[in-house]
Number of protein chains: 2
Amino acid sequence: MSLRNAQPARGAAPAGTVDDLDRLLLSLLTEDAAVTNKALADRLGLAESTCAYRVRALREAGVITGTRAQLDLALLGYPLQAIVKVRLGSHTMANVSQLYDALATAPGVIQAFHLAGADDFHLHVAVEDAEALRDFVLRHVTTHRVVRQTETHLVFEVRRGAGVLAGGGDRGKR
Amino acid sequence: MSLRNAQPARGAAPAGTVDDLDRLLLSLLTEDAAVTNKALADRLGLAESTCAYRVRALREAGVITGTRAQLDLALLGYPLQAIVKVRLGSHTMANVSQLYDALATAPGVIQAFHLAGADDFHLHVAVEDAEALRDFVLRHVTTHRVVRQTETHLVFEVRRGAGVLAGGGDRGKR
DNA sequence: TGTGAAATATAACGCTA
DNA sequence: TAGCGTTATATTTCACA
């Protein structure tokens, strides 16, 4: 079980299998990646060595891509968040990918979504105040010639969702 | 400087001040929260004790709200992502907050945005396939009576943005 | 799975500028 | 007051049995 075998074992899934225990583990790590291995092992009823082994395997398999610190943006002086919808006038490959690069690296952008549909991109941004928001759009979005239209919506609140591991193991059995 | 004083010092900002060094620190921790204190200190040219001190202070001040493991959703079996726009028919406080709770805890939801504008919520979801996406919308969104309309858009790609700390210290000087 | 050695983190201290 | 270096203690990690 689990993804210890990167080599195509018998009838296993291509990139290794993640079992329910792994899912529980991942679920706990997405809540708080700073938990000690001991605490993790205790909560799952595993030996510490086994627990550490599984976590390392998940990391090496690429399932865990990294761990990041979460910041309180308001405390940092960026209390205003918005979604900026971006529509292009031209959709050549070069245009799109170049703009995507520029948008994703613009200061204040938390996440950049490349979408199918009328909106090409959704930018989730955090800024100091309304003026900074206007500046952001004018400076980093509408300056690009390919951008035909933008629409900015205030974000009242963002919540982390339950994620794909919700339920703790009853999903993914298809 | 920095946020050692939670008490309202002279003309300082309410919750303490975050200086450029703190911002650099935070920037590194948002990239990889698993770095050792020693590595952090080395990279910033700080003494380990000082570095640990500042990180702890940032944590206690609430600037760092936690650390989370990032997962490769595709590897986990959820290769399809979408933005589900949700519009309500009624906007009473109770309706909105109750629905928000339900949406944010629905399995598959990565993030839930509560927005100003025509769309009340944007849900960023990850699912197994197109069928699961349809099921998600029918089961967890349109079932709620207050939901008047939904619109689902495929996500081609999501990128982490530069964040508010981009530039490493030249921002926030207003 | 359990164990033990090496590495690391934490907290407290005095000292300096 | 912020930073530094040191200490002692607790904890973690890693390789191996």
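Worth saying up front: this structure is predicted, and the values here are computed from it rather than measured. Throughout, protein chains are lettered first and strands after them, A, B, ... in sequence-line order, and every chain is numbered starting at 1.
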Plane angle bin for B/H122 and A/H122 - parallel if under 30°, tilted between 30 and 60°, otherwise perpendicular: parallel

Mutual orientation of the aromatic rings belonging to A/F156 and B/H114 [parallel < 30°, tilted 30-60°, perpendicular > 60°]: perpendicular

Closer than 4.0 Å, any side-chain N/O of [X] to the OP1 or OP2 of [N]?
X	N	answer
A/R56	D/dT13	no
B/T50	D/dC4	yes
A/S49	C/dT1	no

Nearest-angstrom distance from the residue atom [atom1] of [X] to [atom2] of [N]:
X	N	atom1	atom2	result
B/L29	C/dA9	CG	P	12 Å
B/N37	D/dC4	CG	P	12 Å
A/R54	D/dC14	CZ	P	18 Å
B/K38	C/dA6	NZ	C1'	14 Å
A/D42	D/dT12	CG	P	10 Å
B/R59	C/dT10	CZ	P	8 Å
B/E48	C/dA7	CD	P	14 Å
B/Y53	D/dG3	OH	P	9 Å

Polar contact flag, side-chain donor to acceptor under 3.5 angstrom, B/S90-B/N95: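 A pair is found: one side chain offers a donor N or O, the other an acceptor, under 3.5 Å apart.
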
B/T36 side-chain proximity, nearest of C/dA9, D/dT12, D/dG5: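 Nearest nucleotide to the side chain: C/dA9.
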
Ring center gap for A/H124 and B/F113 short of 6.0 angstrom: yes

